[in-house]
Amino acid sequence: MEDLPTGYYLDNFKYLLDFVDEHYSNLLTKEELNYRRDFLSCSRDAQRLYVRLCGRRGPYFRVDKIFYDEIADLDAAIDTLRDKGFLWSPKDPDALALLSLLTKPDLLIAFPVMNKKLLRGDIEASILAQYSVSEVVNHLSLHIVEPLGHEVITVYRLLFFGNLHQDFSEFVLRDLGLSPFENYTMDSSARYFDDRAILDATLASYELEASCYEVLEEKNLETLIEFTDNCLHLQSVEEPRLQARFEKICNRVAREYERYKKDDLALKLYNRNDQASSLERQARIYAKQNKIDESVSICEAMYSAARTESEKEFSQNFARRLSKKHGLTLTWMPEIVPDDFSVLEIEINNDESLGVELLTSTWFQKQGSQSWYVENSLIPGIFGLYFWDIIFLSIKGVFFNPFQRGPADLFTPEFLHLRSVLIQQRLDSLRVDENFQNSVLSNYDSKMKLANYFVNWNWLDRELVILALERIPRNHFHELFKHLLSDLRHNCSGLPDLVVFPKTEGYLFSEVKGPGDKLQDSQKRWFKFFSTNNIPANIVSVSWRKVQY
DNA sequence: CGGTGTCCAG
DNA sequence: TTCACACCGTCAC
DNA sequence: GACGGTGTGTCTCTGGACACCGGA
Ligand SMILES: [Mn+2]
Ligand SMILES: [Mn+2]
């Protein structure tokens with residue numbers, strides 16, 4: 001595998017800064033623009049040191065523990081960064097973070113009174129209880145530095161990636177060939193953000209998410225109420241993605257209120273949005289409070305405005321149970337179609353180390369079949385291969401950086417609308433396409449390892465793809481792909497554990513269920529789909545063979 | 001001293 | 001740190 | 001059977017260094 005050039009990390013950092021400067025400079029504040037200008041004016045050593053430190057946990061670093069061969073003059077680099085405001089030595093550092101700079105033996109030397117048998121965490125706690133922060137600082141007298149400007153880097157990163165979960169390691173993995181990306185064309189005007197207000201709101205929503213997480217960790221009702229009052233004000237955001245993110249946070253908090261039996265507080269938050277999870281919780285709460293009419297009317301509204309299969313399922317099932325219990329007749333409810341999935345009962349020896357799915361797969365192999373543990377990798381994977389060029393079609397604005405696993409509109413209705421003709425053609429041609437197998441396989445070979453939202457290369461053997469293409473009939477693929485396309489976001493999960501190929505012909509999807517496990521909702525939906533489309537699928541119900549001693 | 005987890009480089 | 005999945009305990013019917 | 005809570009792998013990968021911990 002090819003080595004990266006010395007200082008590769010600085011190249012990546014600068015690439016990102018320049019890219020953002022080129023595409024988004026009109027969105028940047030004076031401070032953010034100056035940040036880049038000042039950084040570029042630093043010496044190469046200083047730039048390298050800064051990027052190195054910012055890539056590490058920190059937040060503080062002992063100067064005597066900083067070792068980088070490629071940085072010639074460490075002290076000069078530190079001075080430069082300090083002068084330009086990229087680094088400082090904090091006067092009032094966090095004591096715990098300071099203690100973390102010492103190993104446990106060093107801690108015990110510095111604070112000899114401690115009982116050596118304690119765990120590290122207990123030692124730290126007891127030092128903090130015993131000494132004031134300034135005493136700890138003076139006592140250790142370490143020369144420490146802290147890189148500054150993380151917030152600015154965050155802005156640049158968000159503008160570049162369009163999210164905050166990707167980071168500089170993307171560059172490395174790509175350049176090492178470990179996780180390369182499709183070479184789609186980005187039109188030069190493509191931008192994820194157009195508006196500073198949206199950018200700021202997005203940054204705020206990431207912070208809100210983080211503080212929500214902390215608040216939930218605390219497990220304290222007062223904190224929760226305080227958080228609600230201070231941070232969850234009704235806000236109107238134009239950006240739908242942002243709105244959804246905000247509502248998700250509200251719903252998480254509301255769910256926590258339910259755990260405290262504060263249904264009224266929960267409802268107040270749930271009421272403000274119409275996300276599926278919110279509607280579902282509202283229906284449950286009203287039912288629990290014996291407000292049957294309210295609960296049923298939520299279900300009815302949910303049913304008639306259902307955006308996904310799962311909303312339809314839930315509203316129907318929940319209302320059905322309610323009506324049965326309270327003797328209501330609901331005109332809007334469709335006839336019940338009882339589930340009738342074929343079940344195969346088998347008995348095998350337990351082996352904790354392997355897991356029930358692999359054991360069942362082995363069982364099928366012992367019957368002379370071939371069997372793979374694929375879950376959601378096979379069908380979405382072949383879909384991703386067959387539709388590859390459509391997924392990565394350059395449509396204006398959907399590709400705005402080189403590290404995307406799919407177009408920006410992949411999970412919005414826009415995706416289908418803007419490509420409807422091509423998608424329809426591809427689906428139609430599937431039935432007669434002499435080339436279907438070849439085009440999937442040739443994409444498998446030519447796109448190998450390239451990141452695609454639907455293709456999980458690690459779980460998609462070439463051999464498996466070949467066999468699946470041979471054994472699964474065209475019209476089955478047609479229906480499977482149509483079903484995926486009907487809800488790309490939700491229908492890429494819930495597929496059965498195994499795909500089984502009997503010795504000579506045919507195939508079978510098999511969902512393995514150990515003792516005490518049952519079909520999940522998403523799995524049920526797939527099984528309904530299988531049964532209406534005559535796609536062979538069963539549930540393998542496993543029980544453990546009694547071991548004789 | 002071996003097992004485990006975390007950090008970090010590439 | 002999120003998501004998808006399995007597993008476990010409880011409760012009511 | 002319904003429901004809620006929890007645990008696990010895995011998130012894009014792999015290996016090395018190191019610290020910590022608990023038991024011999
Ligand atoms: Mn499974
Ligand atoms: Mn299963």
Side-chain angles (χ1 to χ4, degrees), chain A residues 1-9 11-12 51-58 61 65-70 100-108 116-124 163-181 206 209-210 212-214 216-217 245 248 252 255-256 258-259 280-281 283-284 287-288 314 317-318 320-322 324-325 339 352 355-357 373 375-377 380 403-405 449-453 455-459 489-497 511-524 526 542:
Chain A
M1 203 156 282
E2 203 151 322
D3 283 348
L4 297 173
T6 306
Y8 68 92
Y9 50 90
D11 296 336
N12 298 338
V51 176
R52 280 293 199 200
L53 295 187
C54 283
R56 292 176 55 181
R57 187 82 44 176
F61 299 91
K65 297 283 183 190
I66 299 175
F67 305 109
Y68 291 112
D69 289 342
E70 75 277 16
S100 76
L101 295 175
L102 277 72
T103 64
K104 189 177 167 186
D106 287 344
L107 266 186
L108 289 169
K116 294 188 199 308
K117 299 229 160 180
L118 291 177
L119 293 183
R120 177 176 182 116
D122 296 330
I123 293 174
E124 287 170 340
N163 62 60
L164 286 182
H165 61 259
Q166 289 179 287
D167 58 31
F168 289 97
S169 65
E170 304 280 350
F171 289 86
V172 178
L173 294 171
R174 177 195 62 181
D175 296 340
L176 289 175
L178 292 169
S179 178
F181 289 80
Y206 276 103
E209 216 164 43
C212 174
Y213 182 75
E214 279 173 29
L216 293 185
E217 282 285 276
R245 183 195 289 276
K248 218 166 132 190
R252 263 212 297 269
R255 190 72 184 79
E256 190 69 2
E258 287 191 68
R259 299 195 178 95
E280 176 181 332
R281 297 314 307 173
R284 289 187 194 283
K288 197 174 58 186
F314 169 81
N317 292 337
F318 197 75
R320 178 166 294 123
R321 278 199 301 281
L322 274 183
K324 196 172 266 178
K325 191 171 164 190
D339 296 337
E352 306 274 344
V356 67
E357 292 88 354
Y373 181 22
E375 258 172 11
N376 302 319
S377 63
F403 297 96
Q404 294 179 230
R405 298 165 67 193
K449 283 189 174 183
L450 297 187
N452 176 322
Y453 185 87
V455 183
N456 185 350
W457 292 101
N458 290 339
W459 291 80
R489 159 98 57 203
H490 299 99
N491 287 350
C492 279
S493 57
L495 281 131
D497 294 316
E511 170 56 40
V512 179
K513 288 301 172 198
D517 191 12
K518 300 177 343 179
L519 281 189
Q520 302 186 0
D521 288 344
S522 62
Q523 297 170 332
K524 247 183 223 164
W526 270 108
V542 176

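For clarity, every value in this text was computed on a predicted model and none was experimentally measured. In what follows, chains carry the letters A, B, and so on, assigned in the order in which the sequence lines appear, proteins first and then strands, with residues in each chain numbered from 1.
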Taking Watson-Crick and G-U wobble pairs with both distances under 3.5 Å, convert DNA chain D into its dot-bracket string, 5' to 3', dots for unpaired and | for cross-strand pairs. |||||||||...||||||||||..
Sticking with atom P, work out how far dC7(C) lies from dT10(D), rounded to a whole angstrom. 15 Å
For K325(A) and dC13(C), give me the distance from atom NZ to atom C1', rounded to whole Å. 9 Å
So which one's nearest nucleotide on DNA chain D is more toward 5', Q166(A) or R120(A)? Q166(A)
When you measure from the side-chain N and O atoms of K513(A) to the phosphate of dA6(C), is any distance below 4.0 Å, counting only OP1 and OP2? yes
Proximity to the side chain of S522(A) - top-ranked nucleotide from dC5(C), dG10(B), dA2(D): dC5(C)
I'd like to know if E375(A) reaches the base of dA4(C) with its side chain, counting only an N/O donor and acceptor under 3.5 Å. no
Under 4.0 Å from OP1 or OP2 of dT12(D): is there any side-chain N or O of K449(A) that close? no
Residues forming a side-chain hydrogen bond (donor to acceptor under 3.5 Å, both in side chains) with D106(A), sequence neighbours excluded: T103(A)
How far, in whole Å, is dG5(B) from dG9(D) if one measures between their C1' atoms? 16 Å
How many Å lie between CG on L322(A) and P on dA2(D), as a whole number? 13 Å
Assess, by modelled atom type and distance only, whether the side chains of R245(A) and Y206(A) contain a donor and an acceptor separated by less than 3.5 Å. yes
Rounded distance (Å) that lies between atom C1' of dA9(B) and atom CG of L53(A): 14 Å
Pairwise C1' distance for dT4(B) and dC3(C), with rounding to whole Å: 25 Å
Nucleotide nearest F318(A) when distance is taken to its side chain, options dC13(D), dC3(D), dT12(D): dC3(D)
C1' atoms of dG5(D) and dG10(B), separation to the nearest Å: 40 Å
Return no unless some side-chain N or O of R321(A) is found under 4.0 Å from OP1 or OP2 of dC3(D). yes
With rounding to the closest Å, how many angstrom separate the P atoms on dT14(D) and dT2(C)? 24 Å
Given dG10(B), is OP1 or OP2 found less than 4.0 Å from the side-chain N or O atoms of Y8(A)? yes
Could you check whether R52(A) makes a cation-pi contact with Y9(A), meaning its NZ or CZ is under 6.0 Å from the centre of the six-membered ring and within 45° of the ring axis? yes
In whole angstrom, what separates Y68(A)'s OH from dC7(B)'s C1'? 11 Å
Out of dA4(C), dC7(C), dG4(D), minimum distance to the side chain of R284(A) belongs to dG4(D)
Side chain of L173(A) (C-beta onward), nearest among dC8(B), dC3(D), dT12(D): dT12(D)
Looking only at side-chain atoms of L176(A), point me to the closest of dA2(D), dG10(B), dC5(C). dG10(B)
Return the value, rounded to whole Å, for the distance between atom CG of N317(A) and atom P of dA2(D). 8 Å
In whole angstrom, what separates R255(A)'s CZ from dT6(D)'s P? 11 Å
Of the listed nucleotides dA6(C), dG5(D), dT2(C), the one nearest the side chain of R259(A): dG5(D)
From K524(A) NZ over to E511(A) CD, what is the distance, rounded to the nearest 0.5 angstrom? 12.5 Å
Out of dT12(D), dG10(B), dT2(C), minimum distance to the side chain of N458(A) belongs to dT12(D)
Write down the distance between CG (L108(A)) and C1' (dA19(D)), rounded to a whole number of angstrom. 13 Å
In this structure, are over 12 heavy atoms from other groups packed under 6.0 Å from R259(A) atom CZ? yes
Rounding to an integer number of Å, can you tell me how far R56(A) CZ sits from dG10(B) P? 12 Å
Does K325(A), at its NZ atom, have more than 12 non-hydrogen atoms belonging to other residues, nucleotides or ligands within less than 6.0 Å? no
Residues, nucleotides or ligands: over 12 heavy atoms within 6.0 Å of W457(A) CH2: yes
